[in-house]
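No experiment lies behind these values; they were computed from the predicted model shown.
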Amino acid sequence: MDVPKEQISALLDHGLYSSAQILGCFAVSSTSANPETSPHLKAETLVQFGDSLFYQKEYGRAMHTYKQALEYHRIVSKQNAVASSITRNSYTTASNRSSSPNSLSTSAINENEVKFKIAKCHCAMEENRVALAQMESIPTKSRNLEMNMMMAKLYRISRHSRAAIGCLKECLRINPCIIEAIIGLADLGVPARDIISLFPQTPNRSGRPPSDGFDSSCWLQRYVEAQCCIASNDCKGGLELFSDLLQRFPNNIHLLLEIAKVKAIIGKTEEAILDFERVRSMDPYVFTYMDEYAMLLKVKPDQSKLNKLIHDLVKNDPSRPEVFVALSVFWQNKDDRGALSFAEKGIRTDERNALGHIMKGNLLMSMNRPEAAVVAYRGAQEIRPDLRSYQGLVRSYLALSKVKEALHASREAMKVMPHSAKALKLVGDVHASSAGGREKAKKFYESALRLEPGFLAAALALADLHVAEERSGDAVALLEKYLKDWADDSLHVKLAQIFAAMAMNNSMQEALSHYHAALRINPNNAAAAQGLDWLEKKLKGVDPDAAEEDEDEDNEVDEGEAEQEDAELL
């Protein structure tokens, strides 16, 4: 061989893939041109060349090269079969052949490893079904850890949960510290005790409690229990377990991120933002769950921090799924079509990014496409049930006037999250959508407030019911209880609207005060700005509603003229 294979291996080992690829071209050319070159050497050279192409992200070429290598490998296998047959007939002949320098008794490549490389090429090209078929051609006993993990991923994408569970369990039997497998099994609904039973058992024979109050040999079991709690929507139990682990492992970025993500899901926005900020101060280059953080900053809103986050993410690695979803959050309400494109890119990059599906649903709703939004929210739920996907489903169904489906989705949320005040409110929202359901809605809102007294959204919804039933005084009394603890612009806007509707001298001044308070908290609150403008005109003696009617009349004249022009053209 004119090009030593050791040279190509050295280049690959040092990450010099471009040089390895060029040198590989020479090696392949050399072995192909020489008819005396053995098939196993040709196969090995092709695999090396394929590796250089794979690392250069030329997946189609790499796959073609690996398949050529397998063809030569099969030639070697056939020749070995012939040699074995001769061995059975003549021990002497076989002995002579085995000592010959041109012996073909072994192949330099591992067929299963090459099949795995072909499957990885298919995955990189988003051809998951073909990749799965390729992986299934590898015998079960021949699959290593990496192969089993890929099999589990492909099975989950194809919704073969039972097969995915089997692969993940096999991984933990080999190595109990594969956190990815633990999280996967928890997501698939495997109980904590079943996961822990896969670990090697090392009981403490002394029976004495550890001196630090936390058994260091059990931290992984606690971690399993925490992930299973979160997966079963026992967020309170999961947070407690994660907090215990955080005491054992202070400033653990992974635990802080898990805690922040759960708080974001259950609506503890302020606490989640603080946790994410703590992580960013420790590691400004982290990507995990930064799409969740972006959504929280959008909700708060904190545009300066959102701008800084997007800048850092794009600068560090613009190809990550979290970056695409964060960009989608950033462009929401500015360019919904562009934002939708980013959300879809995030989903294509990682199909199991639930937040990408939720963002897609939100954007489709803002574009008045509730039917498509339902599909997106259902996609998020298939990955992991999430309060936000249920909220989106309810909004979508109500927009489609499918009250029965909305009620079913909200009750499903209650079954999944039986101790969630937000799930109770969701059922109340469905009942409140019709005048006949207000009394039922009131009961659900009150139950939500008993479960979570500081739940402002339920208080605002209950206040709306009081106003609808002409009990404005009750609405004001309810909301004023929250003013001491909540510096929230939506709370001030709601109070301003109620006071303005009461149309008394002192109430108008109260409304003015609350609109100003809302704008101090959030200068970009459009409802507060519009309400303040309306109220100031009212206080000046100008009829703001009459001004709006005049504008409507002007528009009607313009439309009439346009229709006349169309008629003339016709």
Side-chain angles (χ1 to χ4, degrees), residues 186-187 189 226-240 242 259-272 292 295-296 299 354-355 357-359 361-362 365 370 373-374 376-400 402-434 437-465 478 482 486 488 490:
D187 284 345
Q227 288 291 357
C228 288
C229 281
I230 301 303
S232 63
N233 292 290
D234 179 11
C235 294
K236 182 180 178 181
L239 284 174
E240 288 176 357
F242 277 136
I259 290 169
K261 181 198 71 173
V262 176
K263 288 179 178 177
I265 289 173
I266 63 177
K268 292 188 175 182
T269 303
E270 295 294 335
E271 291 182 29
E292 292 275 4
M295 183 174 277
L296 294 177
V299 171
L355 193 60
H357 292 276
I358 291 171
M359 269 305 300
N362 293 347
M365 279 299 294
V374 167
Y377 290 128
R378 284 296 183 193
Q381 286 186 329
E382 286 182 6
I383 298 166
R384 174 178 287 183
D386 185 323
L387 179 69
R388 294 167 298 187
S389 58
Y390 282 115
Q391 290 171 332
L393 271 176
V394 168
R395 285 191 298 118
S396 302
Y397 283 133
L398 290 178
L400 292 165
K402 294 183 176 180
V403 179
K404 184 178 179 180
E405 287 83 351
L407 191 59
H408 177 76
S410 63
R411 286 174 175 168
E412 187 180 326
M414 273 194 63
K415 290 178 182 177
V416 172
M417 293 163 273
H419 305 295
S420 170
K422 293 173 179 61
L424 281 167
K425 178 190 174 289
L426 201 55
V427 183
D429 290 342
V430 179
H431 287 301
S433 65
S434 62
R438 286 175 184 166
E439 195 59 36
K440 287 184 178 179
K442 181 182 176 184
K443 291 179 180 178
F444 277 101
Y445 292 149
E446 289 174 344
S447 296
L449 287 171
R450 281 194 297 271
L451 189 62
E452 191 178 324
F455 187 15
L456 181 59
L460 292 171
L462 184 56
D464 282 336
L465 285 182
L478 172 67
Y482 290 84
W486 287 86
D488 187 275
S490 62

Heavy-atom closest pair, residues Ala264 and Glu292: CB-OE1, 3.9 Å
Between CD1 on residue Ile358 and CD1 on residue Ile383, distance to nearest 0.5 Å: 8.5 Å
Donor-acceptor contact present, side-chain Tyr377 to main-chain Asn362, <3.5 Å: yes
Closest approach of Ala399 and Pro370, non-hydrogen atoms and distance? CB-CB, 4.1 Å
Rounded at 0.5 Å granularity, tell me how far CG in Leu462 sits from CZ in Phe444. 14.0 Å
Full working for side-chain contact (heavy atoms from CB on, under 4.5 Å) between Glu452 and Lys422: CA-CA 9 Å; Glu452 191 178 324; Lys422 293 173 179 61; 3.5 Å; yes
Mind checking the CD-OG spacing from Gln391 to Ser396? Nearest 0.5 Å is all I need. 11.5 Å
Measure the NE2-CG distance between His431 and Leu426 for me, rounded to the nearest 0.5 Å. 10.5 Å
Looking only at non-hydrogen atoms, find the nearest pair between Val394 and Ala406 and report the distance. CG2-O, 3.7 Å
Would a 4.5 Å heavy-atom cut-off, applied to side chains only, mark Asp429 and Arg395 as touching? no
Of the non-hydrogen atoms in Ser490 and Leu456, which two are nearest, and what is the gap between them? OG-CD2, 4.5 Å
Asp234 vs Lys236, test: side-chain contact (heavy atoms from CB on, under 4.5 Å). Steps then yes/no. CA-CA 6 Å; Asp234 179 11; Lys236 182 180 178 181; 4.2 Å; yes
On a heavy-atom basis, the closest approach of Leu451 and Ala421 is CD2-N, 3.5 Å
Atom pair CD1 (Ile259) and NZ (Lys268), whose distance is rounded to the nearest 0.5 Å: 11.0 Å
Salt-bridged, Arg388 to Asp386, with N to O below 4.0 Å? yes
So how far is it from Leu398 CG to Leu393 CG, rounded to the nearest 0.5 Å? 10.5 Å
Grab the two heavy atoms, one from Leu449 and one from Phe455, that are nearest each other, plus how far apart they are. CD2-O, 3.3 Å
Show your working on side-chain contact (heavy atoms from CB on, under 4.5 Å) between Val416 and Tyr390 and close with a plain yes or no. CA-CA 10 Å; Val416 172; Tyr390 282 115; 3.4 Å; yes
